[in-house]
A.B. asks: 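Handing you a structure now.
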Amino acid sequence: MILRKATLEDIPLIQEIAEEAWRPTYGHILTEEQTLYMIPMMYASEVILQQIENFSLLEVDGLAIGYCAFEKTSETDGKLHKLYLRPSVKQKGAGSFIIEQICHQARSMGLTSIYLNVNKHNSAVEFYLKKGFIKDREMILDIGNGYVMDDYVMRLML
């Protein structure tokens with residue numbers, strides 16, 4: 001497995017993986033209407049284009065199986081904005097590999113913690129707890145069109 005910086009040419013791959021991963025991840029949490037609202041809001045080409053410097057692709061044998069987006073947000077903190085895998089590769093170490101790589105990157109930047117938002121009902125909460133993250137606080141974020149994100153903000157001290 002390798003985690004490499006994404007390029008502009010990778011935008012369609014990111015969108016493909018997002019589309020593949022979104023419904024299995026959120027189908028029991030969000031309505032289809034909210035999904036149809038959020039995917040373009042977060043994954044339209046022009047949106048990813050503005051954030052591409054934060055994206056990395058996870059590859060195995062040259063095939064993209066997942067992605068993440070991470071950025072330094074202060075002198076001490078970095079935010080893991082996204083971490084998604086193709087459903088067929090979940091629970092095979094890919095998510096753990098991404099977390100390890102992001103921790104290494106964060107430490108090399110002199111950061112002391114990584115934080116992220118995760119839906120309170122997402123099974124990934126348990127994954128992050130196993131990786132050493134704590135539930136730092138709760139957050140309800142209005143994303144428009146009558147929808148909110150009801151999240152935990154989770155933090156990992158490095």
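Position 1 is the first residue of the sequence, and the numbers go up from there.
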A.B. asks: Can you check whether Leu83 reaches Ile102 side chain to side chain, under 4.5 Å on heavy atoms?
C.D. replies: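 When only atoms from C-beta onward are counted, Ile102 and Leu83 do not touch, as no gap falls below 4.5 Å.
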A.B. asks: Just wondering, do Lys82 and Asn54 contact through their side chains at under 4.5 Å, heavy atoms?
C.D. replies: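 A side-chain contact under 4.5 Å is absent here.
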A.B. asks: Could you measure the distance from the CG atom of Asp10 to the CD1 atom of Ile17? Nearest 0.5 Å is fine.
C.D. replies: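 It is 9.0 Å, given to the nearest 0.5 Å.
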A.B. asks: Could you name each residue pair satisfying ring-ring contact (aromatic ring centres under 6.0 Å, His included) that touches residues 89-119, not counting sequence neighbours?
C.D. replies: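 ring-ring contact (aromatic ring centres under 6.0 Å, His included) check on residues 89-119 returns no pairs.
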A.B. asks: Enter the distance from Tyr26:OH to Ile39:CD1 here, rounded to the nearest 0.5 Å.
C.D. replies: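 The distance works out to 10.0 Å.
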A.B. asks: Between Lys5 (side chain) and Glu53 (backbone), is there a donor-acceptor pair under 3.5 Å?
C.D. replies: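 Indeed, once roles are kept as given, a pair shorter than 3.5 Å links the two residues.
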A.B. asks: Under the side chain to side chain donor-acceptor pair (under 3.5 Å) test, which residues partner Gln105, sequence neighbours left out?
C.D. replies: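 None.
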A.B. asks: So do Ile52 and Thr7 actually touch side chain to side chain, heavy atoms under 4.5 Å?
C.D. replies: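 Result no, sub-4.5 Å side-chain heavy-atom pair not found.
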A.B. asks: Applying the 4.5 Å side-chain criterion to the ILVMFWY set and letting contacts propagate, would Leu3 and Leu85 be lumped into a single cluster?
C.D. replies: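 Yes, because Leu3 and Leu85 connect within a single hydrophobic cluster, where side-chain heavy atoms sit under 4.5 Å apart.
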A.B. asks: Going by salt bridge (Lys or Arg N to Asp or Glu O under 4.0 Å), name the pairs with one or both residues in residues 143-158, residues two or more places apart or in two chains.
C.D. replies: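 The answer is Asp77-Arg155, Lys120-Asp150, Asp136-Arg155.
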A.B. asks: Is there side-chain contact between Lys79 and Ile114, with heavy atoms separated by less than 4.5 Å?
C.D. replies: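 Counting from C-beta outward, Lys79 and Ile114 never come under 4.5 Å.
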A.B. asks: Regarding Arg86 and Glu19, does a basic nitrogen lie under 4.0 Å from an acidic carboxylate oxygen?
C.D. replies: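 No salt bridge links Arg86 with Glu19.
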A.B. asks: Does CG in Asp61 sit with more than 12 non-hydrogen atoms of other residues, nucleotides or ligands closer than 6.0 Å?
C.D. replies: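 No.
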A.B. asks: Answer yes or no: are there more than 12 heavy-atom neighbours, outside Glu32 itself, under 6.0 Å from its atom CD?
C.D. replies: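 Yes, the 6.0 Å shell around CD holds more than 12 heavy atoms from other groups.
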A.B. asks: Restricting to pairs with a member in residues 129-158, which pass ring-ring contact (aromatic ring centres under 6.0 Å, His included), not counting sequence neighbours?
C.D. replies: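 Output for this query lists Tyr37-Tyr147, Tyr128-Phe133.
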A.B. asks: Does the side chain of Ile29 come within less than 4.5 Å of Gln34's, by heavy atoms?
C.D. replies: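 Answer no - side chains too far apart.
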A.B. asks: Let me confirm one number: the CD1-CE distance from Ile134 to Met154, rounded to the nearest 0.5 Å.
C.D. replies: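 One finds 8.5 Å between CD1 of Ile134 and CE of Met154.
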A.B. asks: For a quick test of reading the model, state the closest non-hydrogen atom pair linking Ala6 to Ile14 and the distance between them.
C.D. replies: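 It is CB-CD1, 4.2 Å.
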A.B. asks: Checking side chain to side chain contact (heavy atoms under 4.5 Å, CB included) for the pair Leu58/Met1: CA distance, chi angles, key distance, verdict?
C.D. replies: CA-CA 7 Å; Leu58 181 64; Met1 278 188 271; 4.1 Å; yes
A.B. asks: Nearest heavy-atom pair of Ile143 and Met149: which atoms, and what distance?
C.D. replies: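 Minimum heavy-atom separation between Ile143 and Met149: CG2-CG, 3.8 Å.
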A.B. asks: Within the structure provided, determine whether Glu138 and Val153 are in side-chain contact (heavy-atom separation under 4.5 Å).
C.D. replies: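 The answer is no; the side chains never approach within 4.5 Å.
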A.B. asks: Hydrophobic clusters here meaning ILVMFWY residues chained together by side-chain heavy-atom distances under 4.5 Å, can you tell me if Leu156 and Val118 are in one?
C.D. replies: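 Yes; Val118 is reachable from Leu156 via cluster members.
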A.B. asks: Provide the closest heavy-atom pair for Leu158 versus Leu111 in the form atom of the first, atom of the second, distance.
C.D. replies: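 Distance-wise, the nearest heavy atoms are CD1-O, 3.7 Å.
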A.B. asks: With sequence neighbours excluded, what pairs up with Gln51 under the side chain to side chain donor-acceptor pair (under 3.5 Å) test?
C.D. replies: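 Gln51: no side chain to side chain donor-acceptor pair (under 3.5 Å) contacts found.
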A.B. asks: Do Leu57 and Met42 belong to the same hydrophobic cluster, where Ile, Leu, Val, Met, Phe, Trp and Tyr are linked whenever their side-chain heavy atoms lie under 4.5 Å apart, directly or via other members?
C.D. replies: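 Looking at the clustering, Met42 is in the same group as Leu57.
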A.B. asks: What distance separates Phe70 CZ from Gln101 CD, expressed to the nearest 0.5 Å?
C.D. replies: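 Separation between the atoms: 12.0 Å.
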A.B. asks: Could you check if a side-chain atom of Thr76 sits within less than 4.5 angstrom of a side-chain atom of Met109, using non-hydrogen atoms only?
C.D. replies: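 Counting from C-beta outward, Thr76 and Met109 never come under 4.5 Å.
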A.B. asks: If two hydrophobic side chains count as joined below 4.5 Å and joins carry through other members, does Met41 share a cluster with Tyr84?
C.D. replies: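 As far as the 4.5 Å side-chain criterion goes, Tyr84 and Met41 are connected within one cluster.
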A.B. asks: List the steps, then state whether side chain to side chain contact (heavy atoms under 4.5 Å, CB included) holds for Lys131 with Ser96.
C.D. replies: CA-CA 8 Å; Lys131 294 296 156 200; Ser96 295; 2.8 Å; yes
A.B. asks: May I ask you to test the Leu8-Leu49 pair for a side-chain heavy-atom distance under 4.5 Å?
C.D. replies: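 Counting from C-beta outward, Leu8 and Leu49 do come under 4.5 Å.
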A.B. asks: Decide yes or no on side chain to side chain contact (heavy atoms under 4.5 Å, CB included) for His81 and Asn117, but give the supporting numbers first.
C.D. replies: CA-CA 7 Å; His81 292 281; Asn117 288 38; over 6 Å; no
A.B. asks: Please output the side-chain donor-acceptor pairs of residues 62-69 that fall under 3.5 Å, not counting sequence neighbours, one pair per line with the distance.
C.D. replies:
from  : atom 1 : to    : atom 2 : distance (Å)
Tyr67 : OH     : Tyr43 : OH     : 2.7

A.B. asks: Looking at every heavy atom in both Ala21 and Thr25, which two are closest together, and how far apart are they?
C.D. replies: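 It is O-OG1, 2.7 Å.
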A.B. asks: For Ser45 and Ile11, work out which heavy atoms get closest and say how close.
C.D. replies: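 It is OG-CG2, 4.0 Å.
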A.B. asks: What's the verdict on side chain to side chain contact (heavy atoms under 4.5 Å, CB included) for Asn122 and His28, showing C-alpha distance, side-chain angles and the deciding distance?
C.D. replies: CA-CA 9 Å; Asn122 187 335; His28 67 289; over 6 Å; no
A.B. asks: I need the minimum non-hydrogen distance between Leu116 and Leu80, along with the two atoms involved.
C.D. replies: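 Result for this residue pair: CB-O, 3.4 Å.
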